[in-house]
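In what follows, every heavy atom counts, from backbone to side chain, and hydrogens, waters and symmetry copies are set aside. Indexing begins at 1, ligand by ligand and atom by atom, following the structure's order.
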Amino acid sequence: MINARTDCRCCRSKNLNEVFRLGDQPFANAFLRSEQLSELELKAPLIIMECSDCSMAQLSHIVDPTVLYREYSFVTGSSQWMTSHFAELLRTNIRDFVPRGGLVVEIGSNDGSALLSIKREGIRCIGVDPATNLAAIANDRGVTTLCDFFSEKLATAITTGVGQADLIVACNVLGHIDDLDDFCLGVKKLLAANGRLVVEVPYVRWLVSNNECDTIYHEHLSYFSVGAFVHLFHRFGLQIEKVESQAVHGGTIRVTAKHGTENASSVQPWIVEEKLDWTRFRTHCETMRLQLLAWLIREKKEGHVIWGYGAPAKGTVLLNYCGIESDLIPVVVDSTPSKQGKFVPGTHQPILNPEEVLKQMPSACLVLAWNHYQEIERKESAYKQAGGKLRTPFVTLFPTPNNNRTS
Ligand code: TMP
Ligand code: ZN
């Protein structure tokens with residue numbers, strides 16, 4: 001169920017060096033039902049290895065995806081902002097690359113929210129998502145969704161059934177896939193001659209410079225650099241046309257690729273900037289951990305109650321990495337109905353409806369879903385007016401002007 005990976009999944013080099021270790025961690029999205037609290041929880045090592053040949057960073061161990069994804073609790077529709085971001089991505093790329101009646105395939109289509117937004121526009125679309133619960137929601141909403149992992153085999157089936165795709169979109173998906181060779185072979189089959197592949201992934205350069213240690217978890221097998229994409233795509237006859245930065249998830253790159261072997265000249269400047277200081281990252285994350293604990297202990301001594309706001313996977317990682325259990329943060333709230341009533345993996349805080357914040361008035365909430373800070377701040381204006389405080393784990397403690405973690 002847990003396998004070690006000893007070669008770079010982008011360039012296949014064996015020159016991998018350990019750069020960061022979070023220790024043995026529970027699975028960040030495996031929210032527990034109350035009867036599971038007394039059972040032994042599965043944990044696996046979280047260790048980042050960097051490839052010295054292409055600057056790809058990847059986890060040393062891979063947990064069987066069928067364990068991680070069959071019941072996935074992240075639902076795109078739960079964030080208006082994310083839904084409109086992906087809808088925007090689809091609209092622009094459809095305008096530029098998809099003829100009327102053309103085919104769009106979204107890999108990792110989640111609950112179908114993004115595809116639903118373009119369904120009315122005379123475009124055929126297919127979603128692919130391995131989570132049975134999410135694929136079912138999407139199909140119920142009328143978005144045809146294949147409940148499977150994307151692969152060369154699935155790409156062949158889609159091509160045979162409905163033809164090639166003018167646009168293939170994979171947002172926040174590539175980092176979850178171990179066999180990127182199979183993914184690229186699938187793209188090569190499915191993508192029409194003039195089609196585009198658009199991928200979005202969190203960018204490793206910003207992960208390192210913004211100290212985003214909480215975005216490291218078992219589902220995120222890879223932390224991509226542009227250099228890594230160049231190596232990967234080149235092996236499969238895909239060329240990079242454009243790299244853009246996006247403010248999603250604390251800093252994301254959008255890479256547009258098509259068939260061919262010549263990358264655009266705008267790609268090289270990205271690679272030049274990719275010298276990653278993992279030592280500074282390590283020191284900074286450890287300091288953050290100690291300062292966060294010191295703040296929580298101080299607040300507790302003063303009789304203040306601090307709750308967690310949002311139960312994203314990165315919240316689980318932060319709580320477990322820092323060792324913050326119910327004595328320091330007794331409650332976490334989250335707007336996702338399927339998470340409410342469950343408990344945070346490892347640290348076991350109960351997850352309540354955010355309505356409880358205004359009702360019970362904790363002194364402050366540590367916003368674990370920091371990438372949604374502005375949306376949360378808007379929703380909790382009454383709580384703030386009543387004297388409640390919202391804090392983020394990093395910005396509060398390291399208020400640097402360039403820190404974009406509340407975006
Ligand atoms: P994400 O960081 O993976 O996008 O997950 C965000 C989590 O935060 C998700 O579980 C839903 C939760 N959330 C709230 O509880 N309230 C909100 O207003 C928003 C936007 C998200
Ligand atoms: Zn490599």
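- Close N/O approach between Glu375 and ligand 1 is not found [any backbone or side-chain N/O within under 3.5 Å].
- For atom 21 (C) of ligand 1, the candidate residues are Ala28, Gly310, Ser335, Ala311; the nearest heavy-atom contact is made by Ser335.
- Across every non-hydrogen atom of Asp129 and Ser109, the tightest pair is OD2-N, 3.3 Å.
- The closest side-chain donor-acceptor pair between Glu219 and Asn29 falls under 3.5 angstrom.
- Under a 4.0 Å criterion applied to the non-hydrogen atoms of Lys379, ligand 1 contributes the atoms 17 (C), 18 (O).
- Closer than 2.8 Å to the Zn ion (ligand 2) sit the protein N, O or S atoms Cys8 SG, Cys11 SG, Cys51 SG, Cys54 SG.
- The option with the heavy atom closest to atom 6 (C) of ligand 1, from among His372, Glu377, Glu380, is His372.
- Of the polar atoms of Asn371, at least one N or O is found under 3.5 Å from an N or O of ligand 1, judged by distance alone.
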Show me the donor-acceptor pairs within less than 3.5 Å that the side chains of residues 31-43 make with the rest of the protein, sequence neighbours left out.
residue : atom : partner : partner atom : Å
Arg33   : NE   : Glu35   : OE2          : 3.1
Gln36   : OE1  : Arg33   : N            : 2.7
Glu41   : OE1  : Gly346  : N            : 3.3
Glu41   : OE1  : His348  : NE2          : 2.6
Glu41   : OE2  : Gly346  : N            : 2.8

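- Contact of the Leu368 side chain with the Leu366 side chain is registered, since non-hydrogen atoms from C-beta on lie closer than 4.5 Å.
- Proximity to Ile376 (heavy-atom distance under 4.0 Å) selects the following atoms of ligand 1: 17 (C), 18 (O).
- In summary, the atoms of ligand 1 found under 4.0 Å from a heavy atom of Asp334, numbered by their order in the structure, are 7 (C), 8 (O), 9 (C), 10 (O), 11 (C), 12 (C), 15 (O).
- At a heavy-atom distance under 4.0 Å, only side-chain atoms of Ala369, from C-beta outward, approach ligand 1.
- Counting only N and O atoms by type, the side chains of Tyr321 and Glu286 include a donor and acceptor under 3.5 Å apart.
- Of all atoms in ligand 1, listed by their number and element, those nearer than 4.0 Å to a heavy atom of Lys339 are 9 (C), 10 (O).
- A distance-only check finds a donor-acceptor pair linking the side chain of Ser13 to the backbone of Asn15 [under 3.5 Å].
- For Arg254, the salt bridge (charged side-chain N to carboxylate O under 4.0 Å, His left out) partners two or more places apart in sequence, or in a different chain, are Glu200.
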When you look at Trp370 and Tyr373, which way does the ring pair (Phe, Tyr, Trp, His ring centres under 6.0 Å) test go after all the steps?
CA-CA 5 Å; Trp370 46 258; Tyr373 184 84; over 10 Å; no

Show me the side-chain donor-acceptor pairs of residues 355-365 shorter than 3.5 Å, one per line, residues at least two apart or across chains.
residue : atom : partner : partner atom : Å
Glu356  : OE1  : Gln360  : NE2          : 2.8
Ser363  : OG   : Val305  : N            : 2.7
Ser363  : OG   : Val305  : O            : 3.3

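- In the displayed structure, Asp327 atom CG is contacted under 6.0 Å by more than 12 heavy atoms of other residues, nucleotides or ligands.
- Contact annotation for Thr336 and ligand 1: only side-chain heavy atoms (C-beta onward) come within less than 4.0 Å of the ligand.
- Between Phe20 and Phe281, the ring planes lie perpendicular to each other; the angle is over 60°, past the 30° to 60° tilted range.
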